[in-house]
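To keep things clear, I will list the structure first and then write my remarks on it.
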There are 2 protein chains.
Amino acid sequence: MSAAFSTTAPLRLALVEDDPELRQLYSDYLCRQPELSCVLLAGSAEAFFEQLPDLLQAPQVVLLDVGLPGRSGLDSLPRLKQLLPDTEVVMHTVFDDPDRIYQALCRGASGYVLKNQPLAELKAAVLEVARGGAPMSRAVARQVLAHFKPTPTAQAGLLSEREQQVLEGMVDGLGDKQVATRLGLSPDTVRTHVKNIYRKLQVSSRAELLSRHAKGQL
Amino acid sequence: MSAAFSTTAPLRLALVEDDPELRQLYSDYLCRQPELSCVLLAGSAEAFFEQLPDLLQAPQVVLLDVGLPGRSGLDSLPRLKQLLPDTEVVMHTVFDDPDRIYQALCRGASGYVLKNQPLAELKAAVLEVARGGAPMSRAVARQVLAHFKPTPTAQAGLLSEREQQVLEGMVDGLGDKQVATRLGLSPDTVRTHVKNIYRKLQVSSRAELLSRHAKGQL
DNA sequence: CTGTGCCTACCGCATTTGAGTGATGCCGGC
DNA sequence: GCCGGCATCACTCAAATGCGGTAGGCACAG
């Protein structure tokens with residue numbers, strides 16, 4: 001909701017990128033934009049943190065490379081967000097593997113753009129995140145959505161209907177007896193179902209099952 | 001990477017929207033686009049499913065209103081994806097509450113755009129999803145990201161560092177002993193930590209803890 | 001100095017859970 | 001009709017877990 005009119009002061013941007021050529025390229029382009037103002041350029045996370053105290057005002061957006069030498073961008077994210085809770089971080093990288101994306105988002109990134117995109121996209125992402133958005137490259141957005149999808153692999157057809165219901169109860173954090181009550185069954189029956197579920201899903205404890213459920217496959 | 005050149009056949013789009021005026025407005029606009037072809041217009045989920053068999057080719061994208069009379073868009077999503085697994089669904093609505101968004105994504109939506117946006121945005125979303133993207137309005141994207149964030153509420157400060165580590169182990173589906181091994185502790189120590197965690201987080205079983213963790217507070 | 005909280009570790013006990021075995025009845029395919 | 005899968009219930013046994021207490025060492029605040 002905060003203003004972003006042409007009369008607004010340029011957005012304070014920090015750029016962390018280890019490749020000197022790329023850094024030059026990006027900063028050249030981004031700094032030329034009237035809406036932006038590069039207040040910090042760093043080639044590593046360490047350099048970034050060192051330069052931070054020199055700034056009069058904290059950057060509003062940090063464009064952070066994931067694959068940095070030394071402390072990776074991913075690793076320094078928590079500290080960055082701790083020092084600058086109100087600063088938006090956009091990850092910038094060639095990696096589009098689910099795990100890195102997941103880690104970045106969990107650690108407080110508000111955007112994730114890939115490096116194979118036109119510079120205009122990069123600029124758009126920076127502006128977008130400053131406006132309260134969450135810019136993500138196509139592939140990244142899909143990965144993110146994949147985290148929510150049911151992954152109809154195992155369950156569909158594998159587990160019988162009753163077993164599904166029992167599983168549901170377990171997922172809700174209930175014990176065998178409570179599940180039995182909910183379904184109007186004998187606790188022993190539930191126990192049998194649970195055992196069969198374990199066998200079918202290849203796990204051997206409630207914890208494992210719930211862990212799996214929470215992660216990949218619902 | 002799939003082609004989207006001007007020589008490509010127009011994208012087959014289905015539009016499900018209960019408000020006749022809006023439906024008219026959207027279809028007028030979208031159908032005028034050379035890249036798009038509205039093959040189905042429906043005012044309800046029921047009408048959509050009825051008209052489906054009449055089509056020569058299934059729609060490639062469905063623009064689905066969330067707040068439909070009768071079977072809501074949200075409720076009909078699973079069936080839609082079951083019938084048309086390869087069709088991309090973009091939710092279209094005025095609602096931006098986290099729960100509805102979460103439900104939609106879990107049920108297979110690949111996009112979620114709000115209704116307060118210019119028509120060009122709508123068109124862009126349809127094209128984007130067809131290209132393998134995941135178009136989301138600003139507010140929606142933020143909600144989605146919020147699902148990954150640590151929710152610094154409870155855990156931060158509430159649980160000690162050691163307890164965090166133990167919790168992590170439990171979340172990974174490990175037993176007490178395995179957690180102990182991982183952290184180089186006595187199983188008894190882990191048990192003590194677990195007890196304290198339960199007390200602090202107000203739960204009384206592993207299942208409850210993991211369930212909570214999976215749901216609200218990651 | 002004292003209290004408080006954390007980390008560590010142990011004891012004991014009741015309950016829950018994982019794992020094995022068996023049994024009954026229903027249903028559907030071969 | 002037989003076999004396999006499913007749902008139901010039962011019994012046993014051992015391991016894991018939940019719950020209560022105790023206790024020494026450490027660090028920090030009052």
Side-chain angles (χ1 to χ4, degrees), chain A residues 78-79 82 150 152-218, chain B residues 82 150-217:
Chain A
R79 182 156 160 229
Q82 195 181 3
T153 51
Q155 42 147 251
L158 181 51
L159 294 186
S160 73
E161 185 152 354
R162 234 357 177 197
E163 287 163 344
Q164 287 280 347
Q165 297 168 347
V166 172
L167 174 63
E168 225 174 281
M170 288 196 288
V171 167
D172 287 342
L174 305 178
D176 291 349
K177 281 201 263 193
Q178 295 164 297
V179 175
T181 304
R182 183 197 273 196
L183 298 179
L185 294 176
S186 156
D188 282 301
T189 305
V190 173
R191 291 165 67 64
T192 302
H193 286 311
V194 170
K195 281 186 285 196
N196 291 332
I197 292 171
Y198 285 175
R199 188 172 40 77
K200 290 186 182 178
L201 297 187
Q202 301 271 294
V203 295
S204 56
S205 82
R206 247 179 176 63
E208 218 179 314
L209 180 70
L210 296 193
S211 174
R212 278 260 216 105
H213 177 92
K215 290 197 214 298
Q217 75 95 18
L218 175 75
Chain B
Q82 195 181 3
T151 314
T153 51
Q155 41 153 248
L158 181 49
L159 294 186
S160 72
E161 185 152 351
R162 231 2 175 195
E163 286 162 347
Q164 287 279 346
Q165 297 168 347
V166 172
L167 174 63
E168 226 173 278
M170 289 195 289
V171 166
D172 287 343
L174 305 178
D176 291 351
K177 281 200 264 193
Q178 295 163 298
V179 175
T181 305
R182 182 196 275 195
L183 298 181
L185 294 175
S186 156
D188 286 300
T189 305
V190 173
R191 291 163 67 57
T192 302
H193 286 311
V194 171
K195 282 187 286 193
N196 291 331
I197 292 171
Y198 286 175
R199 188 170 42 75
K200 291 185 180 178
L201 297 187
Q202 300 271 294
V203 296
S204 54
S205 82
R206 245 178 178 64
E208 218 180 314
L209 180 70
L210 297 192
S211 174
R212 278 259 217 106
H213 179 91
K215 289 196 213 298
Q217 73 96 15

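Because the structure is a prediction, the values reported are computed rather than measured. Quick note on labels: first sequence line is chain A, next is B, and so on, each numbered from 1.
A close approach under 4.0 Å does not occur between any side-chain nitrogen or oxygen of S160(A) and OP1 or OP2 of dG5(D). In terms of phosphate contacts, R162(A) brings a side-chain nitrogen or oxygen within less than 4.0 Å of OP1 or OP2 of dT8(D). Checking the phosphate oxygens (OP1, OP2) of dC19(D), no side-chain nitrogen or oxygen of Y198(B) falls inside 4.0 Å. For K200(B) and dC6(C), the shortest distance from a side-chain N or O to OP1 or OP2 is below 4.0 Å. Using a 4.0 Å cut-off, some side-chain N or O of S186(A) falls inside it from OP1 or OP2 of dA10(D).
When all heavy atoms of I197(B) and E163(B) are compared, the closest pair comes out as CD1-O, 3.4 Å. Nearest heavy-atom pair across D176(A) and V190(A) is O-CG1, 3.8 Å. Scanning all heavy atoms of the two residues, the minimum distance from S160(A) to K200(A) falls at N-NZ, 4.1 Å. Pairing each heavy atom of R212(B) with each of Q202(B), the nearest pair is NH2-O, 3.7 Å. Pairing each heavy atom of G169(A) with each of R182(A), the nearest pair is CA-NH1, 3.8 Å. Counting all heavy atoms, side chain and backbone alike, L210(A) lies closest to M170(A) at CD2-O, 3.7 Å.
Rounded to whole Å, the distance from CG on D188(B) to P on dA23(D) is 16 Å. Per the geometry, CZ belonging to R206(B) stands 11 Å off P belonging to dA16(D), to the nearest Å. In this entry the distance linking NZ of K177(A) with C1' of dT15(C) reads 8 Å, nearest Å. One atom, CZ of R199(B), and another, P of dG21(D), lie 12 Å apart when rounded to the nearest Å. Taking atom CD of Q165(A) as the reference point, atom P of dA7(D) lies 9 Å away to the nearest angstrom. Going from atom CG of L209(A) over to atom P of dT17(C) covers 13 Å, rounded to whole Å. The nearest whole Å value for the distance from the CD atom in Q178(A) to the P atom in dG18(D) is 13 Å. As a whole-Å value, the separation of L174(A) CG from dT17(C) P is 10 Å.
You'll find the side chain of E168(A) stays beyond 4.5 Å of the side chain of V171(A), heavy atoms only.
Looking at residues 189-197 of chain A, you'll see T189(A), T192(A), H193(A) sit with a heavy atom under 4.0 Å from some atom of DNA chain D.
Position along DNA chain D of the nearest nucleotide to E161(A) versus G175(B) favours E161(A) as the more 5'-ward residue.
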